[in-house]
Amino acid sequence: MSDIIPLIVAKYNYWLYIILMMIGLYAMIAKNNLVKKLVGMNIFQTAIILFYVSIGYKTDATIPIIKNAHGGGHGHAAQTIHAADYINPLPHVLMLTAIVVSVATLGVALALAVKVYQRYQTLEEDEIRMRLTENKS
Amino acid sequence: MKFVAFLIVSLCGGLLLYATADLPAWGDPNSPASSHLSPHYIEKALEETDVPNLVTAVLADYRGYDTMFETAVVFCAGLACLLLLRDYSRREGSFYRHIPTGVVIHFKNNAKSMPASREFEHMDKEWVPYDLIMKTVCRILIPFIQLYALYVVAHGDFSPGGGFQGGVIFGSSLILLAISYNLRTVVQRIRERALGFLCALGILIYTGIGVLCMIAGGNFLDYGKLAEIFPVDPGHVRALGMVGVEIGVGITVMAVMVVIYVNIASEGRHDEGL
Amino acid sequence: MTGTVYPALLIIGPLLAAILCSGFSWVEKRACYPVAAAGLLLAAYSAFRVLMEVLASGTIQYRMAGWPPPIGIELRIDLMNALVLMVVACIALVNLFASHRFVSRDLADREGTFYAVYLMFVTGILGVSATGDLFNLYVLLEITSLASYALIAMGDPDRSPLASLNYVFIGVIGASFYLLGVGYIYIMTGSLNMVDVASLLPAIHDSSAILIAFIFCMIGVWIKMALFPLHVWLPNAYTYAPLPVSRVIAPLMTKVMVYVMIRLMLTVFGLDYIFEKLDIAQAVVWLATAAILAGGVMALAQKDIKKMATYIIVSEIGYMVGGAWLGNKTGMTGSILHILNDAVMTFALFLAAGNIAFRLKNVHFSSLEGIFTKMPWTMTGFVLAGFSIIGVPPTCGFFSKWYLVIGGIEAGAYHFVAALIISSLICAVLFFRIFEIGFFSDDSHGHGHGHSAGPEMAEAPISMLIPLGITSLFLIGLGLYSGVIVNRIIHPFLG
Amino acid sequence: MHWQIDLIILTFIIFCAVGAITVRDLLSTAILFGAYSFMMCLLWAVMGAVDVAFTEASVGAGVSTVFFVAAVFRTSRRTKD
């Protein structure tokens, strides 16, 4: 037991992202309302983004913008940059892309939801299914 | 359904928890993710691209191809909303309010409409715009939001921000206008056709810069080669290329955000809405 | 390094055409179709040149933005990519020609936007097949999916938006799982380039994180390709989509996902890892067997050509996944060859269905009576496509099935072989049932009329028949030259 | 990185996420989702991912929420779960 607690503490961000991912995935699968499902979808995607951002984090490092790059005349030619001083920028780049992709998907999905509502006058999946069976019979 | 969902979710959670044990410790500077590729980006980016914001440098240069498709995703979303929701049929009837007396007139026939005059105001059926305070505050605020958006785009090389953020902020300033006044105000200020052109223009700028690099003899998006066409400092040309690209991204994102909003809020009729 | 420009043109051509299309849709709608055709022609020509260059001089690496591979993104085109790219570009082009009449009839007010989204779909799918970077693959996959969500929802106004929305939910779960898998690969190796990752992985094969990365990547890809228990989104989405859309999404989307799976297996994780470290190959082959049988049985229950074809796709996915997981070269050969053949034959089937739907407005079995006399040419193509799916020798479907069966026997997976044979029989039943309805159940009063007026010909327009004709020729051509394809392309690729 | 701040934000995130998917009014769902995004953005800012936080603040907490509100305005606020 004593070695599990440091494990949890050292990686609590990973644990958190797993919890959020589970919440999002559960909402996407189990919820009945289409907008709720979309909220779940976004929570799911944000959880993954949190995971990537956690990958990039480094202790004792600062944000990935080079300090004094153009300040102090031509300082930057002589300045040496240590990788350990700055947070890894690559996951941030990937996640910028992922955020934009998620908002694009959200836009299209909401457009579809509005279209579904125009047709069935409801956002509840079971009610839509009921209308469909009514139409058939 | 709930039980199945619970089962699937627990299974996924369990698998991921199982893998967590082997992940490198959180914030470890020597983890593979921080020691394989990223030192190159951190140590060489300023020298190679002359851009101090590493995220922008990686986003628009090293992984510029990704970013082009990211813009393409946004562009595609805008087109998709137009394709799905745009409704060219006209809604029946319209409401006018006589401003001095507050009397509302309802025209049931579309063919007739109130002649333009200052006394009558075209009114939404569902959405009643907010009061004077709201309008005035937003009116004062919007130019500053837009100025800030432009700053974010232009200053993306040196500080957090860039084309996406700037574009989204600019787009949301127009959305704010739509919410505080009404949708028609926005649609009159910036026509649908103009928005459509702007969507295409932004990504065309991005792709065009890439193609220019190819014409100059480099690979696609190799901004370094632009120095051979344009009279610019070869050491700084990559940064300039990135600014150009970011402007393109900003334009597309701005236009697409407004297109998506307008189409969702008015169900594609572009007449009235939130 | 400035080598060939064709890999870049392959992607940029359709992308630029999409941008121009969306611009032109606001000023001159008639310009959209030629622009789209030009973009796809450029893509097809580039794909052809790329294939030639790969055959002549081996793998092409195109460095985007000029940065060397692990730092920048590269397009990496080897023999398998080149083959898939060629098929994708050709099918997209032929479908554009076949769709023009339909689009200008049914979607006249949004023609330009439709072509633009269609081109974005093609761009995405070409990009997925060309890229050598794991994250780039995700972005392109999302473009493809986003475009297909929009295109699918253009169909039947009653059902298609809902089908598309369900596809959105499941598609996002699939893509996110894939992204999660890539995240685990990234955290363990620090790289995103496929070849670089492959060189770093052997050192950490025993890590549980890599196992989870593999599982999540695979589940993500399986969801996107609709492998049997995860296929629930596919039939509705493809059935209610408009025909010009479903006949390009159905052959391409699923097949390209199979390609992605094989790429992940061969290039990223490596066969050693999959077949020696992990002990799941047997289970996956069983899953594929279930997919083949379930797809076939569900296809039997349908009364509509389009819906039947969607279940046939579910069954065909089982062939390809099973072949790839048999763990021997013959099975893998069959699987890759089947990507090519299945894309062409599904396309031919949907083209024929599209021609029928253009005239009859639906493709329900009950309305097919006497269809052979009404649309003889279309039905010739339909018969060829049917024979190919059943696996009758001169058509291409036979040869890939042959490799799959041999591979199954070599691997000792007799249940898979049995499923393949049963599935062929089921397909035979399916298609002969349609032939029977179309050929023999010519109702008697129609016969009486026949003497006076003659059988009424209502063939589809020529612009829709020519694409079908070309595709049918390809069905036979690919069959006759499958030996060449295997010896020149697939065997050198597998080494 | 201060773990106290972290912990507070993390708790808020979980609450907002659970709240957003359980509350029985779609408008509240949309607003809670905005709050969730904003908390997430704070967390990323604390973790040093300024660009990602900036994007999330403008996209997630801003535009996405507005899209949700617009869609709810066009459809209905009613939900059964």
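Keep in mind that this is a model prediction, so the values were computed, not measured. We name chains A, B, ... by the order of the sequence lines, and we start the count at 1 in each one.
Neither the backbone nor the side chain of B:S31 comes within less than 4.5 Å of any heavy atom in chain C. Contact of C:L75 with chain B is made through the side chain alone, with heavy-atom distances under 4.5 Å. With a threshold of 4.5 angstrom between heavy atoms, C:I187 approaches chain B through its backbone and through its side chain. Using a 4.5 Å cut-off between heavy atoms, C:M188 contacts chain B through both its backbone and its side chain. Contact annotation for C:I219: neither backbone nor side-chain heavy atoms come within less than 4.5 Å of a heavy atom of chain B. Neither the backbone nor the side chain of C:Y138 comes within less than 4.5 Å of any heavy atom in chain B. Proximity to chain B (any heavy atom under 4.5 Å) is restricted, for C:L140, to the side chain, taken from C-beta onward. Within the 4.5 angstrom heavy-atom criterion, no atom of C:S164 approaches chain B. Proximity to chain C (any heavy atom under 4.5 Å) is shown, for B:C81, by neither the backbone nor the side chain. Only the side chain of B:V211 comes within contact range of chain C, judged by heavy atoms closer than 4.5 Å.
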Show your working on salt bridge (Lys or Arg N to Asp or Glu O under 4.0 Å) between B:R63 and C:D133 and close with a plain yes or no.
CA-CA 10 Å; B:R63 298 187 72 86; C:D133 189 278; 2.8 Å; yes

Would B:N219 and C:W67 count as a side-chain hydrogen bond (donor to acceptor under 3.5 Å, both in side chains) if you check the C-alpha gap in whole Å, the side-chain angles of each, and the deciding distance to 0.1 Å?
CA-CA 9 Å; B:N219 279 358; C:W67 298 107; over 6 Å; no

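Listed options C:T113, C:I210, C:N136 were ranked by heavy-atom pairs under 4.5 angstrom with chain B; first place goes to C:N136. Annotation: maximal heavy-atom pairing with chain C below 4.5 Å, among B:K44, B:R238, B:R86, occurs at B:R238. Heavy-atom pairs under 4.5 Å with chain B were tallied for C:L200, C:L151, C:L211, C:T131; the largest tally goes to C:L200. Chain C forms more heavy-atom pairs under 4.5 Å with one residue of B:I203, B:V58, B:D66, B:T207 than with any other, namely B:D66. The greatest number of non-hydrogen atom pairs below 4.5 Å with chain B, out of C:V117, C:L20, C:N193, C:L9, is found for C:V117. In terms of non-hydrogen atom pairs under 4.5 Å with chain B, the most contact-rich of C:F135, C:F114, C:F177 is C:F135. With chain C as partner, the option from B:V73, B:L79, B:L37, B:L83 having the largest number of non-hydrogen pairs under 4.5 angstrom is B:L83.
Proximity of a side-chain donor or acceptor of B:Y41 to a complementary backbone N or O of C:I71 within less than 3.5 Å is detected. Without hydrogens or angle criteria, B:R193 side chain to C:V27 main chain gives no donor-acceptor distance under 3.5 Å.
Residue C:M64 holds its CE atom at 13.0 Å from CG of B:D61, rounded to the nearest 0.5 Å. Distance check: C:S208 OG to B:L17 CG gives 11.0 Å after rounding to the nearest 0.5 Å. A distance of 11.5 Å separates CD in C:E74 from OH in B:Y65, rounded to the nearest 0.5 Å. Atom CG of B:L221 is separated from atom CD1 of C:I12 by 7.5 Å, given to the nearest 0.5 angstrom. Atoms CD1 and CG, from C:I215 and B:L15 in turn, are 5.5 Å apart once rounded to the nearest 0.5 Å.
In this structure the side chain of C:L15 reaches within 4.5 angstrom of the side chain of B:M68, judged on heavy atoms. You'll find the side chain of C:L180 reaches within 4.5 Å of the side chain of B:L16, heavy atoms only. Residues C:I11 and B:F220 are not in side-chain contact: their nearest non-hydrogen atoms beyond the backbone lie 4.5 Å or more apart. The side-chain heavy atoms of B:F75 and C:S22, taken from C-beta on, include a pair separated by under 4.5 Å. Between B:C76 and C:F121 the shortest side-chain heavy-atom distance does not fall below 4.5 Å. Residues C:R63 and B:D222 are not in side-chain contact: their nearest non-hydrogen atoms beyond the backbone lie 4.5 Å or more apart. At least one side-chain heavy atom of B:L204 sits under 4.5 Å from a side-chain heavy atom of C:L16. In this structure, the side chains of B:H36 and C:T189 stay at 4.5 Å or more apart for every pair of heavy atoms.
At most 12 non-hydrogen atoms from other residues, nucleotides or ligands lie less than 6.0 angstrom from CZ of C:F24.
The shortest heavy-atom contact between B:A200 and C:I19 is O-CG2, 3.4 Å. Residue C:A150 comes nearest to B:L84 through the heavy atom pair O-CD2, 3.8 Å, listed as atom of the first residue, atom of the second, then distance. When every heavy atom of B:G196 is checked against every heavy atom of C:W26, the shortest pair comes out as CA-NE1, 3.3 Å.
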